[in-house]
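Everything quoted here is computed from the prediction, not taken from an experiment.
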Amino acid sequence: MSVLIVLFLTAVLVLFSGVFEKGKYARYIGILGLIVGLYFSFLPDCEFFAQYKAMYEYGYNAALFTKISIVVTLFLFFLGGFAFSNHRSHQSELYSLMLFALCGGIVLFGYQNLVTLFIGIEILSIPLYVMAGANKTDLRSTEASMKYFLMGAFATGFLLFGVALVYGSVGSFDLYAIHDFAINNPKNLMLIMGSILMLSALAFKVSLAPFHMWSPDVYQGSPSLITAFMASVVKISGFFALFKLMTIGFNGIAGDWINILGVFIILTLLLANVMGLVQTNAKRMLAYSSVSHAGYIALIFFGLNNFSTYILGFYLFAYSLATVGVFISLIWVEKIKKETSFAAFNGLGKREPLLAVVSTISMLSMAGIPLTAGFIGKLGIFNQAIAGGSSFLVLIAVLGSALSIAYYLRLIIAMFFYKEDNFHNTERASITYNIVSIVIILALVSMGIVPDLFAKLFGL
């Protein structure tokens, strides 16, 4: 909980820094706070907070996913100077909202109670509704904010209805009390209905089909840095919350919800990858890519073993790094050309070779090409699912991965093999963007060759 307090105080300080010189120092304060928070995340939690363990516990798994989320958020803050260059008047609010959303994610990593789960989801979601509409003069941004808010309200209704049914059957919000009740009463209809409603609500948060319909429009309309935050940190938080809820609280009735989740996975992998093939806008393509990865990640629920949490953490970190890697180029191209169509990337390999290379390696990692971290992550999840007897789902996932290569290659080909003819700006990528690009390239390739590097990075 020490990490949570550090980041919350940082968010408040960043918010009030907007009073001075239009928030000129907000990003630097945020980066400093994130570094301090990362340092605290490696330390044992203060004994004072042991009294709150019934609601929130900063345990081994919570520490791992907190570290991952802070590292990814740090990368995004480093990109923020250029990405938020047209938000100078309210950049402190945007950085502060990102930190508040991160606090919500950290609450989700350590929740022990359905009330804490709900609080974490709302702390995570409400800042996102605001950030999605940050481009006040862009109708797409306003549409993204409204659509995300309305769909989020429906998801919250599902979640609360599910919580009510679970509490009505168990008589407790405690996750482990629910676990014990489910083991002893596996045929309790009210508990089963509650679990399915809560699964549906969290499927919205992680963009599993058929609850993904908001994703393409919201991802396209939101500022690109916020979209990257949604596709990485928000997905990390949502998936771990879902993983913890279903594998601990509702593990005793897994037979009643696991097949429903299997249907979600099949719909997600087929629909998202087919839709990704027909996109002409890189940002919408990445939205469908994010949806498809929700399908791959959800395979973690099949064939659970003692390494499942580690595999989940590895995959989410590799995917988040790759997402940031692609958005480095997308942010730069969007700022220079004011669009994100595939044609806008023509000739990027010649104009900004390092940005093109990091995007290429990131997309190859997303596709699961060997010698990248994404390949190791997919291999771990697929092996676990096969061992659990879910070979059919893995076959669908492999088919989806094959389809994804096609739309990733379209962007790679545009960057390296098409001649650019409409760059009218002489601005070059900053040293910060180049350094972040190099770090992500090294991380994705190193983790693909030496997977144990992930454990060493996070002190496992």
Side-chain angles (χ1 to χ4, degrees), residues 7 11 14-15 18 23 26-27 30-31 34 69-70 72-105 121 123-152 205-207 212 214-238 281-291 319-335 338-340 433 436:
L7 293 178
V14 167
L15 179 62
R27 182 166 71 102
I31 290 172
L34 285 166
S69 297
I70 292 176
V72 175
T73 306
L74 259 175
F75 281 126
L76 295 175
F77 266 65
F78 282 123
L79 302 181
F82 182 68
F84 286 157
S85 59
N86 60 334
H87 296 283
R88 295 299 187 194
S89 61
H90 56 274
Q91 59 180 321
S92 61
E93 291 96 322
L94 291 174
Y95 289 123
S96 179
L97 287 169
M98 287 177 69
L99 289 169
F100 280 126
L102 176 61
C103 288
I121 287 176
I123 295 173
L124 175 70
S125 300
I126 292 173
L128 293 172
Y129 303 150
V130 179
M131 289 190 288
N135 288 333
K136 300 176 184 178
T137 58
D138 187 349
L139 287 177
R140 284 182 176 176
S141 185
T142 304
E143 177 193 2
S145 180
M146 289 301 299
K147 186 169 288 188
Y148 197 17
F149 170 72
L150 292 173
M151 295 296 288
K205 296 299 179 184
V206 299
S207 306
H212 73 292
W214 58 275
S215 296
D217 292 336
V218 172
Y219 278 37
Q220 185 178 13
S222 303
S224 292
L225 194 72
I226 304 305
T227 303
F229 184 80
M230 291 179 186
S232 55
V233 176
V234 175
K235 198 171 287 286
I236 293 169
S237 305
N281 183 285
K283 211 168 176 182
R284 289 186 73 87
M285 180 272 285
L286 289 172
Y288 281 109
S289 168
S290 178
V291 174
Y319 163 73
S320 297
L321 282 182
T323 297
V324 176
V326 178
F327 270 90
I328 289 175
S329 294
L330 191 144
I331 290 168
W332 191 83
V333 169
E334 185 179 34
K335 284 290 183 181
K338 312 301 180 187
E339 62 170 324
T340 55
Y433 271 54
V436 173

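- Contact check for Thr227 versus Leu330: no side-chain heavy atoms found under the 4.5 Å cut-off.
- Between the side chains of Lys205 and Ser237, no donor-acceptor pair of N or O atoms lies under 3.5 Å.
- Atoms CZ and CG, from Phe100 and Leu15 in turn, are 6.0 Å apart once rounded to the nearest 0.5 Å.
- Judged by distance alone, the side chains of Ser207 and Ser215 do bring a donor and an acceptor atom under 3.5 Å apart.
- Of the options Arg140, Arg284, Lys283, a salt bridge (charged side-chain N to carboxylate O under 4.0 Å, His left out) to Asp217 is made by Arg284 and by none of the others.
- When every heavy atom of Ser69 is checked against every heavy atom of Ile236, the shortest pair comes out as OG-CG2, 3.6 Å.
- When all heavy atoms are compared, the tightest approach of Lys338 to Lys335 is NZ-O, 3.2 Å.
- Atoms CG and CD1, on Leu97 and Ile226 in that order, are 8.0 Å from each other to the nearest 0.5 Å.
- Ser290 places none of its side-chain heavy atoms less than 4.5 Å from the side chain of Thr323.
- With values rounded to the nearest 0.5 angstrom, Gln91 atom CD is found 12.5 Å from Ser96 atom OG.
- Residues Ala26 and Tyr95 share a closest heavy-atom pair of CB-CD1, 4.0 Å.
- Between Met230 and Ser222, the shortest heavy-atom contact is CE-OG, 3.6 Å.
- With rounding to the nearest 0.5 angstrom, the CG atom of Leu225 is 13.5 Å from the CZ atom of Phe75.
- We find the CG-CG distance between Leu79 and Leu74 to be 11.0 Å, quoted to the nearest 0.5 Å.
- Closest approach of Val72 to Ser320, counting heavy atoms only: CG2-CB, 3.7 Å.
- Between Trp214 and Tyr148, the ring planes lie parallel to each other; the angle is under 30°, not in the 30° to 60° tilted range.
- Minimum interatomic distance between Phe327 and Ala228 (heavy atoms only, all atoms of both residues): CG-CB, 3.8 Å.
- Distance check: Ser92 OG to Arg27 CZ gives 13.5 Å after rounding to the nearest 0.5 Å.
- Taking 4.5 Å as the limit, every side-chain heavy atom of Ser289 sits out of range of all side-chain heavy atoms of Val326.
- Ile331 is listed as a side-chain neighbour of Tyr433, based on a closest heavy-atom distance under 4.5 Å.
- In this structure, the side chains of Leu128 and Val218 stay at 4.5 Å or more apart for every pair of heavy atoms.
- Taking 4.5 Å as the limit, some side-chain heavy atom of Phe77 sits within range of a side-chain heavy atom of Leu99.
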Q) How far apart are the C-alpha atoms of Leu76 and Val324, what are their side-chain angles, what is the distance that settles it, and do they pass the side-chain contact (heavy atoms from CB on, under 4.5 Å) test? A) CA-CA 7 Å; Leu76 295 175; Val324 176; 3.9 Å; yes
